[in-house]
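All remarks here apply to the structure that follows.
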There are 2 protein chains.
Amino acid sequence: MLHRIASTELPETKRKLVDAGVKLMRERGYNATTVDDICGEAGLTKGGFFHYFKSKDDIARAALTHFHEGKARDYEAAPFRKLADPLDRVFGRLDYVKESVGPKGRVTKGCLIGVFAQELAFTSPEIRDACHNFFSRIVGDFSHDLAEAKAAHASDAKFDPKAVAELYLAIVQGSLMLAKVADANEVLRDNIEQFRAYLRFLLGVTDK
Amino acid sequence: MLHRIASTELPETKRKLVDAGVKLMRERGYNATTVDDICGEAGLTKGGFFHYFKSKDDIARAALTHFHEGKARDYEAAPFRKLADPLDRVFGRLDYVKESVGPKGRVTKGCLIGVFAQELAFTSPEIRDACHNFFSRIVGDFSHDLAEAKAAHASDAKFDPKAVAELYLAIVQGSLMLAKVADANEVLRDNIEQFRAYLRFLLGVTDK
DNA sequence: CCTTACATACCGACCGGTCTGTATGTTACA
DNA sequence: TGTAACATACAGACCGGTCGGTATGTAAGG
């Protein structure tokens, strides 16, 4: 069978490999994930793997990018995006995060960017820069809404939207880490709620 | 040369190995750190290593414990401990964290507990539990001061000291991660400052 | 239409190197 | 002389990456 593919998409098999890489590396990290593991998960053998990727590093980059772009698309399509009031988008984002951690008890799978950041920041400048770049986009995206909300509702408030967005990212990443070792994601939910309270305080909001 | 050692202390060479393990694993993580690397850093060879540790896992546990106990001692001896008012201890702790990240620009070395938590939570239950345990102690320690500060200064405030301490830990750990990829620790300082503002808000404090 | 030529997708054996752990010295000191 | 504290050498497993081969498809030409 031949796979006619629109130019932007990946071939089916390559996508399977990337998905397998994302899944395994999210759990075990980069070093503990074997090329053979990925092949096994994707249902093919090493020959096939190296047909699509020239090295293990290569699929790590692809997995990282794929993971981030998937999340970026999710957030781009999330319902809170369509809200007219930037303040609603700010708090709607927090709701969305809480929803996407899944049901109570069941532990959240981690963030591949965070995993790579911790494991590879000192050993792979390229991956570190990629993580930094993706993090910056998340911060930039959120701080955009924050700046608008501030302008519209609390123009006299004195806070830096970018700094607040960085706090948000740190809370999310740190909470994911704590959730992993506690084997429970309540801590993420609770911390988001406290961040919400902090935001209400910053913006002088009493409802929401 | 024989090293007479008080019963609680480690033999000189063993301590050197643990120190080397802490140093290298903080940077590279567990999997990317080789026994030979540790030996090289400590200035001896494999024979010596396996004289003191029965496996690589073994030194990882020792390194984790040693790292935590060292930090615990630092915090136990920190100046903010001696302050009589629990509120001063709460905010004094934040100052102490900021001080201990070192001078501007120079990037902070990470937290070994955080590194292990991210890398090994899904593959080594024992290490995961150890990380969870150490994190719990940090949270317990801070929430103790928080509870006292609340009782003494804002008994009508409505917040859970343990939840706030967990937020603090998540912020610190998340910020350390962001600092690693940004190659700058300003983000940690800024986020601590925002947490301080949140605390002031919770406790109804205007000075400090 | 059939054949030749070539491309894609994948298999699985294998190689070289690395890494953990072991087995066996060797040395210094009690 | 026995034992603690190492060094040295090596075994054995594993892992990343290569390579030759195969199956399938496709396009061109006579």
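Each chain gets a letter, A, B and so on, in the order the sequences are listed, and its residues count up from 1.
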> If you pin B:Gly43 and A:Asn31 to their nearest nucleotides in DNA chain D, which one's is more 5'?
Replying inline: B:Gly43
> C:dA9 phosphate, OP1 or OP2: any side-chain N/O from A:His51 under 4.0 angstrom?
Replying inline: yes
>> Check the phosphate of D:dC6 against B:Tyr52, side-chain N and O only, distance under 4.0 Å to OP1 or OP2. Yes or no?
In response: yes
> Is B:Lys98 paired with B:Glu193 through a side-chain N to carboxylate O contact shorter than 4.0 Å?
Replying inline: yes
> In terms of side-chain geometry, is the basic nitrogen of A:Arg93 or A:Asp141 positioned less than 4.0 Å from the acidic oxygen of its partner?
Replying inline: yes
Take atom [atom1] of [X] and atom [atom2] of [N], then tell me their distance rounded to the nearest Å.
| X | N | atom1 | atom2 | result |
| --- | --- | --- | --- | --- |
| A:Leu17 | C:dC10 | CG | C1' | 11 Å |
| A:Asp37 | D:dG16 | CG | C1' | 12 Å |
| B:Phe53 | C:dC19 | CZ | P | 19 Å |
| A:Arg15 | C:dA9 | CZ | C1' | 17 Å |
| B:Lys14 | D:dA4 | NZ | P | 14 Å |

> Using a cut-off of 4.0 Å on non-hydrogen atoms, how would the nucleic acid contact of A:Thr34 be classed: base, sugar-phosphate, or nothing?
Replying inline: sugar-phosphate
Pairwise N/O distances under 3.5 Å, protein to nucleotides 17-21 of chain D:
residue : atom : partner : partner atom : Å
D:dG17  : OP2  : A:Lys56 : N            : 2.8
D:dG17  : O6   : A:Lys46 : NZ           : 3.2

> Should the pair B:Phe201 and A:Phe201 be assigned to parallel (<30°), tilted (30 to 60°) or perpendicular (>60°) ring geometry?
Replying inline: parallel
> Going by the angle between their ring planes, with limits at 30° and 60°, are A:His68 and A:Phe134 parallel, tilted or perpendicular?
Replying inline: parallel
> Could you go step by step and tell me if B:Asp183 and A:Arg128 meet the salt bridge (charged side-chain N to carboxylate O under 4.0 Å, His left out) rule?
Replying inline: CA-CA 9 Å; B:Asp183 202 25; A:Arg128 184 200 58 206; 5.1 Å; no
> In this structure, which one of A:Thr108, A:Asn191, A:Asp190 forms a side chain to side chain donor-acceptor pair (under 3.5 Å) with A:Ser175?
Replying inline: A:Asn191
